[in-house]
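Heads up, the thing below is written out as structure tokens.
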Amino acid sequence: MKKLMYCITTLIYFAPITFCDIDIETCEKILIKHLTSADNSTKIYILENLTQGINLDNFVPILKKMAYKTDLQQVDDNIRIKSAYLLAKVYKDTAAVNVLINILETKPVVKNPQSPLGKAKLYLKNLIRAEAVKMLGEVGNTKIVALLWKYKNDPDGTIVDAVYFVLYGLMLKGKIALVEEIKEFFYSGLKDLNPKVRLSAVKYLGELRDTNAVQPLMLRLKDSNKEVCVEAITSLCKIGSAIALQDIIYLKNNKEDSIRAAISEGLGFMGRELLSSTDTAKSLYLSQIKKVLIEYLNDYNGRVRINAAVSLLMLNDYTGIEIIKKGLNSTDTDVVIYCIKSLGEYGTKNDISLLEKFVSVEDPSLQVASTISILKILSRK
């Protein structure tokens, strides 16, 4: 009898974790393990997805080590900047803001800057500096405005774009006075002959949630460039103004898969904005949005179907949950991660059962994505 009890105890002790009772502490341990031992791409995924109010003190020493390059450790620039941003945004670490400033002010030095390889290295380094600008716009105070003005005429276009983006965002929020030059920078871009410039302007105005841009962006729905049209749909939906709804619905049967995919994804964002609005007609608009999304559940394109299912989930509607479940069983890892991430963003504790199995798989990308999604659900109030 004692031998039998010993065997049972041993089996219980060494059995794999049963994730029906997975908690925040378990998630934290898994993510810390990956932050200290995984490849850079996995670390970056974790850092990018832990900026939404998840505050776990045990991450701080690891983040500081990666942000401050302690122990003479060589840290990838992407990991360093994302660690500093996380420390500044979530943990209110003022020293981390100085790390971001230092990254911006350290001008890249590249051997043979005119060679193809030199140009590529210079571009990547300036891309990180531009990212530092946007991060400073989010976590810094108005004191960083003077610093940003210094880079308004930087020789690198990506830095200039980022500076204008941050300054205009602060203007829209009323934190600094409106400067017409900054506003015109984006609005003139909407009419530029170069489609790449139009695409950039459309994307930025959507990210800025500039409600004044709705009418100009609606004109881009008829743009001769398909990418600009797709981005216009996305930006209008992010802004969330129902003024553009009918024009977007008009395109719902477009033969271009990318346009239908943009609509099926974007309507979720527009609907979510409407849920919290005071618009007296929001019930009508939400009904129209859901009607289109339910139609899209039967679209011949798989991406359109999954986008529509996730958008319905964003509106607390589980009509497309079976499609999301199929997506979780897809052989395409990107599709699986998209479904996992969506459940983490918009699901409830009842959806944790759909995510648990991925926490114990060998694929680190699936394990990390599911752990973060479960953590987000558990952390929601």
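If you read the sequence from its start, that first residue is 1, and numbering goes on from there. Side-chain atoms are counted along with the backbone in the values below, which use heavy atoms only and exclude waters and symmetry mates.
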### Query
So, are K152 and E181 salt-bridged, with charged N and O less than 4.0 Å apart?
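Salt bridge present between K152 and E181.
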### Message
Check this for me, if you would: do R80 and D77 make a salt bridge, where the nitrogen-to-carboxylate-oxygen distance has to be below 4.0 angstrom?
### Response
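Salt bridge flag = no for D77 with R80.
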Sequence neighbours excluded - ring-ring contact (aromatic ring centres under 6.0 Å, His included) pairs with any residue from [range]:
{"range": "residues 116-164", "value": "Y164-F185"}
{"range": "residues 265-298", "value": "none"}
{"range": "residues 319-357", "value": "none"}
{"range": "residues 188-227", "value": "F165-Y204, F186-Y204"}

Do side-chain atoms of [X] reach the backbone of [Y] as a donor and acceptor pair under 3.5 angstrom?
{"X": "S277", "Y": "L274", "result": "yes"}
{"X": "R209", "Y": "K238", "result": "yes"}
{"X": "S235", "Y": "L205", "result": "no"}
{"X": "N329", "Y": "K325", "result": "yes"}
{"X": "R380", "Y": "G347", "result": "yes"}
{"X": "R198", "Y": "K191", "result": "no"}
{"X": "S200", "Y": "V197", "result": "no"}
{"X": "T234", "Y": "V230", "result": "yes"}
{"X": "Q367", "Y": "S360", "result": "no"}
{"X": "Y168", "Y": "V179", "result": "no"}

### Message
Between L343 and S373, is the side-chain contact (heavy atoms from CB on, under 4.5 Å) condition met? List the steps.
### Response
CA-CA 7 Å; L343 286 170; S373 285; 5.7 Å; no
About how many Å separate [atom2] of [Y] and [atom1] of [X], when rounded to the nearest 0.5 Å?
{"X": "D351", "Y": "I340", "atom1": "CG", "atom2": "CD1", "result": "12.5 Å"}
{"X": "I263", "Y": "I233", "atom1": "CD1", "atom2": "CD1", "result": "4.5 Å"}
{"X": "I249", "Y": "Q288", "atom1": "CD1", "atom2": "CD", "result": "5.0 Å"}
{"X": "I144", "Y": "M135", "atom1": "CD1", "atom2": "CE", "result": "13.5 Å"}
{"X": "I182", "Y": "L172", "atom1": "CD1", "atom2": "CG", "result": "11.5 Å"}
{"X": "K290", "Y": "S311", "atom1": "NZ", "atom2": "OG", "result": "12.0 Å"}

Take atom [atom1] of [X] as the centre, draw a 6.0 Å sphere, and report whether it contains more than 12 heavy atoms from other residues, nucleotides or ligands.
{"X": "K282", "atom1": "NZ", "result": "yes"}
{"X": "K134", "atom1": "NZ", "result": "yes"}
{"X": "K291", "atom1": "NZ", "result": "no"}
{"X": "Y250", "atom1": "OH", "result": "no"}

A side-chain contact here means heavy atoms from C-beta on lying under 4.5 Å apart; do [X] and [Y] qualify?
{"X": "L56", "Y": "L50", "answer": "no"}
{"X": "E345", "Y": "M314", "answer": "no"}
{"X": "L221", "Y": "L236", "answer": "yes"}
{"X": "K226", "Y": "E256", "answer": "yes"}

#### Entry: Residues forming a side-chain contact (heavy atoms from CB on, under 4.5 Å) with D334, sequence neighbours excluded
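In terms of side-chain contact (heavy atoms from CB on, under 4.5 Å), with neighbours along the sequence ignored, D334 is linked to D332.
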### Task
For L199, check side-chain contact (heavy atoms from CB on, under 4.5 Å) against everything at least two apart and list the hits.
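Residues passing side-chain contact (heavy atoms from CB on, under 4.5 Å) with L199: E227, V228, E231.
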I need the minimum non-hydrogen distance between [X] and [Y], along with the two atoms involved.
{"X": "I248", "Y": "L267", "answer": "CG2-CD2, 4.3 Å"}
{"X": "V361", "Y": "K357", "answer": "CG1-O, 3.5 Å"}
{"X": "R260", "Y": "K255", "answer": "NH1-O, 3.3 Å"}
{"X": "A67", "Y": "V99", "answer": "O-CG1, 3.8 Å"}
{"X": "V336", "Y": "G327", "answer": "CG2-O, 3.5 Å"}
{"X": "P108", "Y": "L122", "answer": "CG-CD1, 3.7 Å"}

### Message
According to a hydrophobic-cluster definition based on side-chain heavy atoms being under 4.5 Å apart (Ile, Leu, Val, Met, Phe, Trp, Tyr only), do V90 and I24 belong together?
### Response
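Yes; I24 is reachable from V90 via cluster members.
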### Query
With hydrophobic residues grouped by side-chain heavy-atom distances under 4.5 Å, do Y85 and L127 end up in a single group?
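As far as the 4.5 Å side-chain criterion goes, L127 and Y85 are not connected within one cluster.
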### Task
Determine whether the side chains of D257 and Y300 contain a donor N or O and an acceptor N or O closer than 3.5 Å.
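Yes, a side-chain donor-acceptor pair sits under 3.5 Å.
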### Task
Report the C-alpha separation of I306 and V335 in whole Å, then their side-chain angles, then the decisive distance to 0.1 Å, and conclude whether the side-chain contact (heavy atoms from CB on, under 4.5 Å) test is met.
CA-CA 9 Å; I306 289 180; V335 172; 3.4 Å; yes
### Task
Given side chain to side chain donor-acceptor pair (under 3.5 Å), test T158 with D161 step by step and report yes or no.
CA-CA 5 Å; T158 55; D161 286 353; over 6 Å; no
### Derivation and outcome, side-chain contact (heavy atoms from CB on, under 4.5 Å), residues T371 and T26
CA-CA 9 Å; T371 302; T26 303; over 6 Å; no
### Query
Should I324 and S342 be marked as a side-chain contact (heavy atoms from CB on, under 4.5 Å) after you check the CA-CA gap, both sets of side-chain angles, and the distance that decides it?
CA-CA 9 Å; I324 295 175; S342 299; 5.8 Å; no
### Message
The test is side chain to side chain donor-acceptor pair (under 3.5 Å); show your working for Y187 and D210 and say whether it passes.
### Response
CA-CA 11 Å; Y187 280 81; D210 184 2; 2.7 Å; yes
### Message
Which residue is it: K29, H34, E28? I am looking for the one with a side chain to side chain contact (heavy atoms under 4.5 Å, CB included) to I32.
### Response
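That would be E28.
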